[in-house]
Amino acid sequence: MSSASPSRTWDVRRPPSAEGRTVLVTGGNAGIGYFVAEQLAATGALVVLGSRNAAKADAAMAAIRSRVAGARLRHLPLDLADLSSLKTAVEGSGLDRLDAVVHNAGVALDHPPRRVTADGHELMFGTNHLGHFALTRWLAPLLSAAPAGRVVTVGSFAARSERLDPDDPQSTRDYRPKRTYGRSKLAQMCFGFELDRRLRAAGSPVLSVVAHPGGALDGLTPSRRPVHETKRGARLRALPAGLLVQGKEAGAWPVVRAVLDPDVRGGQLWGPRIFGLRGAPRREPVPAHMADETAAARLWGLSCELTGTDPCLGFSSR
């Protein structure tokens, strides 16, 4: 990778070619994940959409192909809420290497009751964090086979105001959906930073980077039929918010930069330029509670225990 160049500009509309690269985007059939997949497909990469719903994946691929001539796309059946299915899914992918994975898929619940995954874990923590944690273990050989593999974890602005509760990580005693969601995203982001520290210690060439979309509203998002359609009324109602936030197409920009920019380094955090809520992507300082190595190590140990995963997560030293 080249050294960082302060004078180098990043054009969100014309990212560099990724011909010959393969990128897996979990949840690539909708929301931020869809736009990440669309933008990566335009660079010439082979984009694999990880989705448990084949019909939604097919619709997303059709939408991308209608906008990107010659788009190279595949669907990987993937259910992050069922840990026992992940090894089989990766082994059946037919991939011999993976240049990047975007850990994007997620569940966001607004109301009780508390729900659980197939493995009995709280649904948001179990899907958003534990599912991606376990998936990384099975993807490790494919990422290590690439010249410079990357793990890009998609966090959330909501994680800034939350703190992990080591005594109740799965909200068994005090379940509040919005807080539980924020904590699940915080766990993801802490994982992304801790993963890079462990990769560096192991001498691995794989990088782990964290990115977030800022404030991304459906009403400010361009339509992509049949995946997403923004009604005129919804767009008009959302226009005033456009001074502070943006749509999901723009929300994908920091993620795409984290995947493709040769100047990006492991352990970095990327988000929108204006107050971390909207605009072109830039590198952000990592908040102290996300950089807490003691808390991250404790979360790592708990995640290994809950997923039955080896602490090395499948990455061998070189």
Side-chain angles (χ1 to χ4, degrees), residues 24-31 33 50-54 56-57 76-93 101-140 151 153-156 158-159 162-195 198 290 292 294-315:
L24 167 63
V25 182
T26 70
N29 59 282
S51 171
R52 64 183 178 179
N53 188 310
K56 290 183 178 179
L76 175 65
L78 199 61
D79 186 355
L80 293 166
D82 183 0
L83 299 178
S84 65
S85 70
L86 299 179
K87 181 174 186 284
T88 302
V90 173
E91 289 178 343
S93 68
V101 58
V102 177
H103 287 333
N104 162 80
V107 175
L109 302 179
D110 293 324
H111 306 287
R114 182 179 181 275
R115 295 166 57 188
V116 297
T117 68
D119 304 286
H121 304 306
E122 189 281 317
L123 185 61
M124 289 183 280
F125 182 81
T127 303
N128 303 353
H129 170 58
L130 294 179
H132 284 117
F133 186 92
L135 177 64
T136 305
R137 185 267 173 267
W138 302 118
L139 293 177
V151 178
T153 298
V154 181
S156 169
E162 296 297 343
R163 298 296 183 271
L164 297 175
D165 183 351
D167 297 319
D168 189 23
Q170 300 201 60
S171 304
T172 55
R173 294 194 299 269
D174 183 14
Y175 177 71
R176 284 177 273 172
K178 290 189 187 309
R179 188 189 68 172
T180 298
Y181 170 76
R183 288 182 172 180
S184 76
K185 297 303 290 186
L186 174 57
Q188 272 192 278
M189 296 171 82
C190 289
F191 157 71
F193 297 125
E194 178 67 8
L195 174 60
R198 292 176 181 249
M290 295 182 190
D292 185 333
T294 301
R298 186 169 182 176
L299 174 65
W300 192 278
L302 174 67
S303 302
C304 289
E305 179 184 338
L306 294 175
T307 60
T309 302
D310 184 273
C312 292
L313 218 60
F315 293 98

Which pair of heavy atoms, one from [X] and one from [Y], lies closest together, and at what distance?
X: P112; Y: P177; value: N-CG, 3.7 Å
X: L86; Y: D79; value: CD2-O, 3.6 Å
X: T117; Y: E122; value: CG2-O, 4.1 Å
X: A89; Y: P77; value: CB-O, 3.5 Å

Tell me, with the steps shown, if D82 and S84 meet side chain to side chain donor-acceptor pair (under 3.5 Å). CA-CA 6 Å; D82 183 0; S84 65; 2.8 Å; yes
How would you list, by chain and number, every residue that makes a ring pair (Phe, Tyr, Trp, His ring centres under 6.0 Å) with W300, sequence neighbours excluded? F133, F191
Under the side-chain contact (heavy atoms from CB on, under 4.5 Å) criterion, do V101 and T136 qualify, and how do the steps go? CA-CA 9 Å; V101 58; T136 305; 5.8 Å; no
Residues in salt bridge (Lys or Arg N to Asp or Glu O under 4.0 Å) contact with [X], at least two apart in sequence or another chain:
X: E91; answer: K87
X: R114; answer: none
X: R198; answer: E194
X: D110; answer: K178

Compare all side-chain heavy atoms of [X] with those of [Y] and state whether any distance is below 4.5 angstrom.
X: R137; Y: D310; value: no
X: K185; Y: N128; value: yes
X: L123; Y: V116; value: no
X: L109; Y: Y181; value: no

Please lay out, stage by stage, how L164 and D292 fare under the test side-chain contact (heavy atoms from CB on, under 4.5 Å). CA-CA 11 Å; L164 297 175; D292 185 333; over 6 Å; no
Can you tell me how far the [atom1] atom of [X] sits from the [atom2] atom of [Y], to the nearest 0.5 Å?
X: D165; Y: D174; atom1: CG; atom2: CG; result: 9.0 Å
X: R52; Y: S85; atom1: CZ; atom2: OG; result: 10.5 Å
X: D168; Y: Y175; atom1: CG; atom2: OH; result: 12.5 Å
X: F125; Y: T180; atom1: CZ; atom2: OG1; result: 10.5 Å
X: E162; Y: S156; atom1: CD; atom2: OG; result: 9.5 Å

Are T153 and H132 linked by a side-chain donor-acceptor pair shorter than 3.5 Å?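 No, no side-chain donor-acceptor contact under 3.5 Å.
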With a cut-off of 3.5 Å and sequence neighbours excluded, list every side-chain donor-acceptor pair involving residues 301-308.
{"from": "S303", "atom 1": "OG", "to": "H129", "atom 2": "NE2", "distance (Å)": "2.7"}
{"from": "S303", "atom 1": "OG", "to": "L299", "atom 2": "O", "distance (Å)": "2.8"}
{"from": "T307", "atom 1": "OG1", "to": "S303", "atom 2": "O", "distance (Å)": "2.6"}
{"from": "T307", "atom 1": "OG1", "to": "T309", "atom 2": "OG1", "distance (Å)": "2.7"}

Within 6.0 angstrom of R163 CZ, more than 12 heavy atoms from elsewhere: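 More than 12 within 6.0 Å, yes.
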Keeping the roles fixed (side chain from [X], backbone from [Y]), state whether a donor-acceptor pair exists under 3.5 Å.
X: S93; Y: V90; answer: yes
X: T26; Y: A105; answer: yes
X: D119; Y: L83; answer: yes
X: N29; Y: K56; answer: no

